[in-house]
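Structure record follows, encoded as structure tokens.
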Amino acid sequence: MTEPRALLGTIALGLVVAGARVGSRILLAVAIARTIDGGSWGTVAPFVAGAVALVLVRAGATTVQGAAMAGASVRLTADLRIRLVRAVFRLGPGWVGRQRTGELEAVMVDGVEKLDAYFRLFLAKVVTAGITAVAVVAVVFAIDPVVGSVVGGLALVLMLLPSIEYRALGPRMRFWSTSYRPLAAEFVDNLQGMSTLKMFGVARHRAAELFRRSDDLCEAAIKLVNVSAIFWGGMAFIAGAGIAAGLTIGALRTSSGAMTSAQLLLVLLLVGECFTPAREIHDAMHLAVWGMSKVDRAYSVLSTAGPVTEVPSPAAAEGLEPSIELDDVRFRYDPSAEPALDGVSLSIRAGETVAIVGGSGAGKTTMASLLLRFFDPQEGAIRIGGRDVGSMSPDQVRAMIALVPQDTFLFHESIRDNLLLANPGASQGDLDRVARWSNADELVDRLPLGFDTVVGERGLRVSGGERQRIAIARALLKDAPILVLDEATSSVEVSSEARIHAALERLRRGRTTLVIAHRLSTVRGADRILVLDRGRLVEQGTHGELLERRGRYAQLVAAQAGG
């Protein structure tokens with residue numbers, strides 16, 4: 001059953017439940033009236049049997065409705081979560097890297113779960129309760145217009161009260177939601193940075209800050225509850241007053257002869273049902289409003305334009321020569337920020353090893369991100385094999401490139417699973433070969449489960465050098481024609497550096513290699529060195545040529561040698 005059909009089905013079942021509930025009361029009222037009037041069991045029994053049958057129908061319809069509503073809600077929330085995951089993967093690491101992990105988690109996990117109450121309880125109940133309230137008031141009005149008018153007027157006020165409450169709670173709920181997301185983000189940050197907090201002795205201070213923000217959130221929640229309590233009291237008062245007014249007026253009209261005792265009995269049993277639908281809407285709204293506060297952020301993620309443009313019919317990428325060209329490339333992370341790359345043009349031949357150096361913020365990693373299509377340049381073009389990467393899909397471009405990053409990310413899975421990300425169809429022989437070539441075989445051999453050893457969250461059960469060797473093995477397994485080494489040895493221990501350099505030399509053979517380096521001692525063997533400064537290409541040449549020019553590169557070398 002599709003979601004619109006499921007919603008219509010639950011509404012129909014809700015009407016059956018309401019109709020059975022009202023109908024059973026009418027039949028019961030008739031049975032009681034006939035009994036009071038001295039009717040025989042034979043004349044009363046059909047009405048009692050009908051009331052019992054409607055009670056059974058109501059029970060069955062309620063069961064089916066609950067299952068249908070829960071099923072529709074599960075499908076709707078699952079669909080929303082899938083859409084959010086697809087949106088985040090579409091937006092890619094360039095966008096995700098500029099968000100807070102805890103805030104995204106709060107939206108994609110907790111926020112979607114909160115929407116369950118909205119889908120499961122609120123939507124169907126609003127329609128069902130509205131129709132039921134009109135129908136019951138119409139029956140009471142048909143019995144006696146005076147009682148029906150009074151009860152109907154108060155029931156209308158009660159039906160409008162939840163929408164007034166929602167308007168009052170809305171701003172406070174949005175404030176609570178926007179306060180909750182940063183708190184969740186701070187909590188995740190503190191968990192991930194626990195060792196740093198302990199090392200600097202500020203764990204207690206950060207914990208106190210979390211407590212303070214938690215208290216602020218608690219205070220906001222209390223204000224919500226206080227406002228809500230006022231409306232709860234108002235709902236109870238109006239419902240009670242409506243029932244009392246209906247029965248009092250009915251009794252007075254019966255004593256004056258305007259109503260019969262049988263009609264009064266019907267009013268007695270039905271007047272409460274005039275206010276039940278409004279209370280059901282109110283109860284459902286209280287559960288749903290927590291989910292509604294998450295909707296804006298969830299749909300803002302879905303509607304966010306990605307940092308790369310998808311082409312409807314991407315050009316073929318097979319057989320392209322692994323050469324790289326940047327033609328007057330300009331890129332800013334933010335329109336108001338300084339350009340990260342400012343008119344960069346360069347050409348890298350197939351099979352050439354080119355190093356990119358420069359100070360912090362020079363644009364080195366930005367160049368790699370643009371090549372991998374994590375972002376698209378605002379001006380200029382990037383070409384692989386003479387073809388603009390913008391004419392290909394991001395997946396096509398990334399299939400031609402293997403990346404060994406500065407900070408290798410390993411999933412909380414086995415070494416085998418982390419390697420197979422690069423080539424899911426690789427055989428055990430392939431894994432053994434890349435482990436040997438990357439000098440990761442020693443690590444695998446000494447671990448108790450070998451390739452099936454779980455490396456822990458972010459690979460924390462292995463050392464930095466071991467993570468880099470696994471990353472190199474993964475790049476070897478991908479066997480892409482272009483290799484990007486982004487500060488690949490900057491954070492490894494000295495004892496591992498020689499092995500990693502040897503593994504990188506094997507990895508570079510026969511590939512076009514882009515080496516992004518801060519430590520200039522690692523780039524002397526490159527065919528060419530490109531020097532970036534504040535987003536501009538200011539020099540290029542071999543190590544010796546650049547030293548002779550005594551320009552920016554020579555200054556960087558001297559600064560590192562002096563340090």
Side-chain angles (χ1 to χ4, degrees), residues 10-68 124-125 127-156 158-159 235-236 238-281 283:
T10 57
I11 291 172
L13 287 167
L15 294 176
V16 170
V17 170
R21 184 170 62 197
V22 174
S24 64
R25 288 176 179 263
I26 293 174
L27 292 176
L28 189 59
V30 173
I32 293 172
R34 292 201 173 195
T35 301
I36 292 173
D37 292 339
S40 64
W41 173 247
T43 60
V44 172
F47 295 99
V48 174
V52 171
L54 287 178
V55 169
L56 294 175
V57 168
R58 176 185 172 186
T62 300
T63 301
V64 175
Q65 184 194 34
K125 280 190 177 293
V127 178
T128 303
I131 295 174
T132 302
V134 171
V136 177
V137 169
V139 172
V140 174
F141 188 87
I143 295 171
D144 186 84
V146 176
V147 175
S149 298
V150 173
V151 171
L154 291 172
L156 178 61
L158 206 62
M159 290 290 289
M235 292 282 294
I238 294 173
I243 293 172
L247 296 180
T248 301
I249 295 171
L252 291 174
R253 287 181 64 74
T254 301
S255 65
S256 66
M259 287 175 59
T260 66
S261 58
Q263 290 175 322
L264 178 62
L265 185 59
L266 274 173
V267 169
L268 175 67
L269 291 176
L270 289 178
V271 71
E273 291 298 322
C274 295
F275 302 99
T276 298
R279 290 199 298 267
E280 290 179 346
I281 290 177
D283 294 345

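On a predicted model such as this, the values are computed, not experimentally measured, just so you know.
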Just to verify, what does [X] make a side-chain contact (heavy atoms from CB on, under 4.5 Å) with, not counting sequence neighbours?
{"X": "Leu265", "value": "Ala29, Ile32, Ala33, Leu268"}
{"X": "Thr260", "value": "Ala262, Gln263"}
{"X": "Thr43", "value": "Arg34, Ser40"}

Residue pairs passing the side-chain hydrogen bond (donor to acceptor under 3.5 Å, both in side chains) test where at least one lies in residues 243-252, sequence neighbours excluded:
none
For [X] and [Y], which heavy atoms make the closest approach, and how far apart are they?
{"X": "Gly242", "Y": "Leu154", "value": "CA-CD1, 3.4 Å"}
{"X": "Phe275", "Y": "Ile238", "value": "CE2-O, 4.4 Å"}
{"X": "Ala31", "Y": "Phe47", "value": "CB-CB, 3.9 Å"}
{"X": "Ser24", "Y": "Val55", "value": "CB-CG2, 4.3 Å"}
{"X": "Cys274", "Y": "Ala155", "value": "O-CB, 3.8 Å"}
{"X": "Leu54", "Y": "Gly23", "value": "CD1-C, 3.4 Å"}

Could you pull out every donor-acceptor pair under 3.5 Å between side chains of residues 134-151 and any protein atom, sequence neighbours left out?
unit_1, atom_1, unit_2, atom_2, d
Asp144, OD1, Arg253, NE, 2.8
Asp144, OD1, Arg253, NH2, 3.0
Asp144, OD2, Val146, N, 3.2
Asp144, OD2, Val147, N, 3.0
Asp144, OD2, Arg253, NE, 2.9
Ser149, OG, Pro145, O, 2.7

Restricting to pairs with a member in residues 38-64, which pass salt bridge (charged side-chain N to carboxylate O under 4.0 Å, His left out), not counting sequence neighbours?
none
In Å, rounded to the nearest 0.5 Å, how long is the span from CG of Leu247 to CG of Leu252?
11.0 Å
